[in-house]
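Worksheet for the structure shown next.
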Amino acid sequence: MKYYSTNGNAPIADLSKAVVKGLAEDRGLYMPEQIKTLPKEFFDNMSSMTFQEIAYKVADAFFGEDVEADALRHIVYDTLQFDCPVVKVEENIYALELFHGPTLAFKDVGARFMARLLQYFINKEDGDRSKESGNQEVNVLVATSGDTGSAVANGFLGVEGIHVYVLYPKGKVSHIQESQFTTLGRNITAIEVDGVFDDCQRLVKSAFMDEELNRHMRLTSANSINVARFLPQAFYYFNAVARISEITHSQPIVMCVPSGNFGNICSALFGHRMGLPVSRFIAANNANDVFFQYLQTGKYTPKASVQTLANAMDVGDPSNFARILNLYSQNNRLSPEATHEAVTNLISGCTYSDEQIRETMRQCYADNGYVLDPHGACGYRALKEQLRPGEVGVFCETAHPAKFKEKVDEILGTDIDIPERLQAFMRGQKQSVPLSKEFADFKQFLLKQ
Ligand SMILES: *Cc1c(COP(=O)(O)O)cnc(C)c1O
């Protein structure tokens, strides 16, 4: 498969380049040249297939030309060592629980898949180079304000030939989040930067542009816009539809995705292009409402993000908006008006304040005994408000509520259990390298590795 850039000014890339580079030369996002429709037979048989079997079929459509069948199957099966079940919350409303992976959020799926695909390409390259210079380790640099670092670190943990450096702002990450990437050891190094998240991001970007550093070591990013992190998220949408069709007898399905950078919903929209039988989508926003405003007005106006209870959705200029526009403008063949119409025909939106999020969490807990996390609460509420008679709604529970235990307990008056795998992180020994926010220090540190 070839990949083009949403900005239209970069050379076409193959999969391995798109994965290793992440972003195209013109700073656009990579898009697959073709999104294959899956055959009718697949949809007819889906409900008798397992999650892993379904995921492999979807993976084959995206990656099958570039990765041998056995290797791809192994990558998919090894990625999905946990379930993404569909759980009934109330009549006609279901939660797609995406928090059963190692770090209890949906980002585990993409991060684990990307780690394994990257390893596949490294091994292959080393084979091609006939080992003249031996294996050269690949170094993944990732800046995090919390959730991304834990998913990427755990996704790559123990993957041979890859070392991960997680940069995070000192004192700005919750204890639970910090423990998920500072206690791992092995091929994961946590770097505690005396600065804010933007400093971490700047250090990573400077490193990618530094020639001396790039001669010294192979550097790559595991950014969430990477096609290997973003496309695999389609797996669980197909599985969700398969599981729900066993219960609902062909009622139209509405898929509702709490959205920040819009990667998760974008992968669902790619699934829709492949034939996923979902009748429409809802993008649920917190107070960061640029996409909601686009739906209302047809104008996209990025803003500075505001801090909310659902902080993983605090994004003022979602990167993947470019992919949505590219998809529905048919790679800029349609006018902005026609594109807006195509988008609004399929996707609706909503925006909720922190007070509305709190109110929703309390109401759902009182009515159903179901504990929502602040992100999932936006999704649940959107279905409550927008579901039409005859439809079945599925919303993504994007993280386990225990990841936000303090807030959740305060809002609901509960003392929710922390799952054992989260407690295990919290018992671990913190290991991190303290660094200033100066690039010179970071560079010296990397040169010594
Ligand atoms: C990352 C994240 C989101 C937002 O997902 P996008 O793909 O950026 O839209 C929502 N909820 C949680 C818990 C997250 O970690």
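Starting from 1, each residue takes its place in the sequence as its number. We count ligands from 1, going down the list as the structure has it; atoms in each ligand are counted the same way. The figures here come from the full heavy-atom set of this structure, side chains too, leaving out hydrogens, waters and symmetry mates.
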Quiz item: Looking at residues at least two apart in the chain, or sitting in another chain, which of them share a ring-ring contact (aromatic ring centres under 6.0 Å, His included) with Tyr300?
Solution: Phe321
Quiz prompt | Pairwise side-chain hydrogen bond (donor to acceptor under 3.5 Å, both in side chains) hits with a residue in residues 6-24, at least two apart | solution = Lys17-Glu25
Self-check item: Where at least one partner belongs to residues 341-367, residue pairs that pass ring-ring contact (aromatic ring centres under 6.0 Å, His included), sequence neighbours excluded
Solution: none
Quiz item: So, His340 versus Tyr328, ring centres under 6.0 angstrom or not?
Solution: no
Quiz item: Are the aromatic ring centres of Phe291 and Phe262 under 6.0 angstrom apart?
Solution: yes
Quiz prompt | Cation-pi check, Arg112 onto Phe156 ring (under 6.0 Å, within 45° of axis) | solution = no
May I have the N/O to N/O pairs between ligand 1 and the protein that fall below 3.5 Å, each with atom names and distance to one decimal?
| residue | atom | partner | partner atom | Å |
| --- | --- | --- | --- | --- |
| ligand 1 | 7 (O) | Gly263 | N | 3.1 |
| ligand 1 | 7 (O) | Asn264 | N | 2.9 |
| ligand 1 | 8 (O) | Asn261 | N | 2.8 |
| ligand 1 | 9 (O) | Gly260 | N | 2.8 |
| ligand 1 | 9 (O) | Asn261 | N | 3.3 |
| ligand 1 | 9 (O) | Phe262 | N | 2.9 |
| ligand 1 | 11 (N) | Thr398 | OG1 | 2.8 |
| ligand 1 | 15 (O) | Lys107 | NZ | 2.5 |
| ligand 1 | 15 (O) | Asp147 | OD2 | 3.2 |

